[in-house]
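No experiment lies behind these values; they were computed from the predicted model shown. Order of the sequence lines fixes the chain letters, A, B, ..., with proteins taken first and strands second; residue numbering starts at 1 for each chain.
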Number of protein chains: 2
Amino acid sequence: MDTALDRAVRVFRDRGYHATSIGDLTAAMRLATGSVYKAFRDKHAVFLAAFERYTALRQEQTRSAAERGANGREQIRNVLLSYVEHSQGVEGRRGCLVVGSAIELSAHDPVVAARVSAQLATNEKLIARLIRDGQADGSIPCHVPADETARLMLCITQGMRVVGKTRLPLDGRRLVDVAMKLLA
Amino acid sequence: MDTALDRAVRVFRDRGYHATSIGDLTAAMRLATGSVYKAFRDKHAVFLAAFERYTALRQEQTRSAAERGANGREQIRNVLLSYVEHSQGVEGRRGCLVVGSAIELSAHDPVVAARVSAQLATNEKLIARLIRDGQADGSIPCHVPADETARLMLCITQGMRVVGKTRLPLDGRRLVDVAMKLLA
DNA sequence: CATAATAGGGAATGAACGTTTCCGAATAAA
DNA sequence: TTTATTCGGAAACGTTCATTCCCTATTATG
């Protein structure tokens with residue numbers, strides 16, 4: 001079932017919600033129509049489950065990227081680098097389910113809107129915490145405004161996913177180097 | 001006809017391409033089905049015309065924002081501020097047709113993908129030019145890498161539109177102040 | 001004045017969609 | 001072995017969609 005959900009995630013990331021038909025879904029999940037409707041109430045429920053699964057996975061990935069840093073500054077660098085990599089190439093063109101949901105659904109779907117907001121807030125808080133950690137361990141100057149900088153970095157990460165959907169190549173390391181000036 | 005197209009822009013920005021039916025379109029444009037199909041080949045053509053009109057308008061708006069600055073640095077600040085304002089409140093929730101097209105269509109629609117890429121490239125080049133102008137007039141240090149910084153600022157602007165689709169309030173001036181550190 | 005041409009409106013159409021329902025196979029219980 | 005139950009598969013349903021066709025005003029033209 002989880003592997004079927006992973007396949008659903010792929011389709012939704014690739015095509016978005018409205019452009020994904022039940023037929024696309026059953027083909028990707030390798031399930032018949034009836035089976036999908038036995039496991040989920042409707043298409044919307046499949047999407048919500050896929051969203052949940054996607055965010056759990058991504059959360060784990062950026063957390064583990066952060067952990068590979070020796071101090072707050074390096075942890076943020078790793079998070080940004082991880083985002084650049086996920087925004088590039090095949091993975092980038094596949095897109096981000098959070099960004100996709102924000103653009104396609106959040107204006108008219110309160111349930112999705114709430115989950116998107118929660119996910120963005122979580123990401124922003126993670127960055128803010130890493131900034132404060134860095135200020136505590138001396139790797140980031142104290143005059144850096146943690147909350148505003150975190151919000152701007154949130155914009156950067158979400159923007160990278162937008163740019164990554166088109167084919168504009170992102171030169172990861174150099175882009176992150178520039179972004180790190182925000183911590184000066 | 002142009003006013004009908006403006007109404008079409010509103011609907012597409014609000015709902016996206018796939019969630020907008022011909023019925024929605026005719027209601028918004030105050031035209032009958034037949035009239036729409038007499039003016040445009042199909043729904044896709046309506047969207048392309050709306051996209052064209054939207055980008056022309058936005059281009060004009062950010063250009064004029066830039067012109068209100070006394071030097072390169074202030075021009076960039078004004079462009080960023082203009083983006084924050086357009087990403088906020090009602091206008092922000094209405095969304096950006098470029099971002100929407102990038103997310104919803106560019107992966108499977110080469111025509112739209114080309115226009116989105118072109119628009120992003122234009123925006124990026126404008127910022128890069130303003131950086132170089134600022135370096136020429138002394139308001140921006142010469143060691144700032146124009147192209148990379150421009151690309152990161154492109155990510156920032158597109159990211160603001162994503163965040164602006166949800167209700168997260170963006171504190172414009174402070175956010176831009178932080179972003180201006182990229183020009184230090 | 002009569003007629004041709006055009007533009008807009010709205011009903012009709014066929015396809016595709018999301019959803020439901022029913023059927024058969026496999027598994028567990030008796 | 002027989003019965004009960006669960007699970008996946010596929011056909012059927014009603015709806016909605018994009019698109020086409022035809023009709024009716026209105027304007028321009030001879």
Side-chain angles (χ1 to χ4, degrees), chain A residues 1-54 95 97 100-101 103-113 115, chain B residues 1-54 95 97 100-101 103-113 115:
Chain A
M1 169 51 64
D2 269 358
T3 119
L5 212 51
D6 281 328
R7 298 192 223 264
V9 168
R10 286 250 306 230
V11 184
F12 279 129
R13 286 178 61 192
D14 190 53
R15 310 195 204 216
Y17 180 77
H18 292 293
T20 301
S21 72
I22 300 288
D24 296 332
L25 230 33
T26 57
M29 296 170 90
R30 304 208 226 283
L31 288 172
T33 327
S35 309
V36 171
Y37 276 89
K38 207 149 285 181
F40 303 94
R41 192 155 49 85
D42 53 16
K43 181 183 170 184
H44 194 259
V46 181
F47 182 80
L48 248 42
F51 184 93
E52 212 82 5
R53 187 160 174 80
Y54 174 79
L97 216 43
S101 305
I103 299 301
E104 210 188 343
L105 298 174
S106 72
H108 292 277
D109 183 333
V111 178
V112 170
R115 313 237 174 159
Chain B
M1 169 52 66
D2 269 358
T3 119
L5 213 51
D6 281 328
R7 297 191 223 265
V9 168
R10 286 251 306 230
V11 183
F12 279 130
R13 286 177 62 192
D14 189 53
R15 311 197 207 222
Y17 180 77
H18 292 293
T20 301
S21 72
I22 300 289
D24 296 332
L25 230 33
T26 56
M29 297 170 90
R30 304 208 224 284
L31 288 173
T33 327
S35 308
V36 170
Y37 276 87
K38 207 149 285 183
F40 303 95
R41 193 154 48 84
D42 53 16
K43 181 183 169 184
H44 193 259
V46 181
F47 182 79
L48 247 43
F51 184 93
E52 211 83 5
R53 187 160 174 81
Y54 174 78
L97 216 42
S101 305
I103 298 301
E104 210 188 343
L105 297 175
S106 72
H108 292 277
D109 184 332
V111 177
V112 171
R115 314 236 175 161

*asked:* Please compare A/G34 and A/T20 by the position of their nearest nucleotide in DNA chain C and report the one closer to 5'.
replied: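 Comparing both residues, the 5'-ward one is A/T20.
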_5′-ward residue of the pair B/A32/A/Y17 relative to DNA chain C_ =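 The residue whose closest nucleotide sits nearer the 5' end is B/A32.
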For [X], enumerate each residue passing the side-chain contact (heavy atoms from CB on, under 4.5 Å) test, keeping only those at least two apart in sequence or located in another chain.
| X | result |
| --- | --- |
| B/A4 | B/M29, B/L31 |
| B/A113 | B/S106 |
| A/H18 | A/E104, A/L105, B/H18, B/A19 |

*Show the numbers, then the answer: is there a side chain to side chain donor-acceptor pair (under 3.5 Å) between B/T3 and B/D6?*
CA-CA 5 Å; B/T3 119; B/D6 281 328; over 6 Å; no
Just the rounded figure in Å: distance from [atom2] of [N] to [atom1] of [X].
| X | N | atom1 | atom2 | answer |
| --- | --- | --- | --- | --- |
| A/I22 | D/dT16 | CD1 | P | 16 Å |
| B/K43 | D/dC17 | NZ | C1' | 8 Å |
| B/D42 | D/dC17 | CG | P | 17 Å |
| A/M29 | C/dG18 | CE | P | 14 Å |
| A/L31 | D/dA10 | CG | C1' | 14 Å |
| B/H18 | C/dC17 | NE2 | C1' | 14 Å |
| A/F47 | C/dG18 | CZ | C1' | 16 Å |

*asked:* What's B/T26 touching, base or sugar-phosphate or nothing? Going by heavy atoms closer than 4.0 Å.
replied: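 Touches nothing.
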If only side-chain N and O atoms of [X] are considered, is one of them under 4.0 Å from the OP1 or OP2 phosphate oxygen of [N]?
| X | N | result |
| --- | --- | --- |
| A/K38 | D/dC7 | no |
| A/S35 | D/dG9 | yes |
| B/Y37 | D/dT20 | no |

*ring pair (Phe, Tyr, Trp, His ring centres under 6.0 Å): which pairs involve residues 21-51 of chain B, sequence neighbours left out?*
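Non-adjacent pairs meeting ring pair (Phe, Tyr, Trp, His ring centres under 6.0 Å): B/F12-B/F47, B/Y17-B/F47.
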Strictly under 3.5 Å: I want the nitrogen or oxygen pairs between protein and nucleotides 12-16 of chain C, one per line.
none

*State, yes or no, whether a side-chain contact exists between B/R15 and B/V11 at a heavy-atom distance under 4.5 Å.*
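Yes; the side chains approach each other to less than 4.5 Å.
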_Sequence-distant partners of A/D42, side chain to side chain donor-acceptor pair (under 3.5 Å), two or more places apart_ =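 Listed in chain order: nothing, the list is empty.
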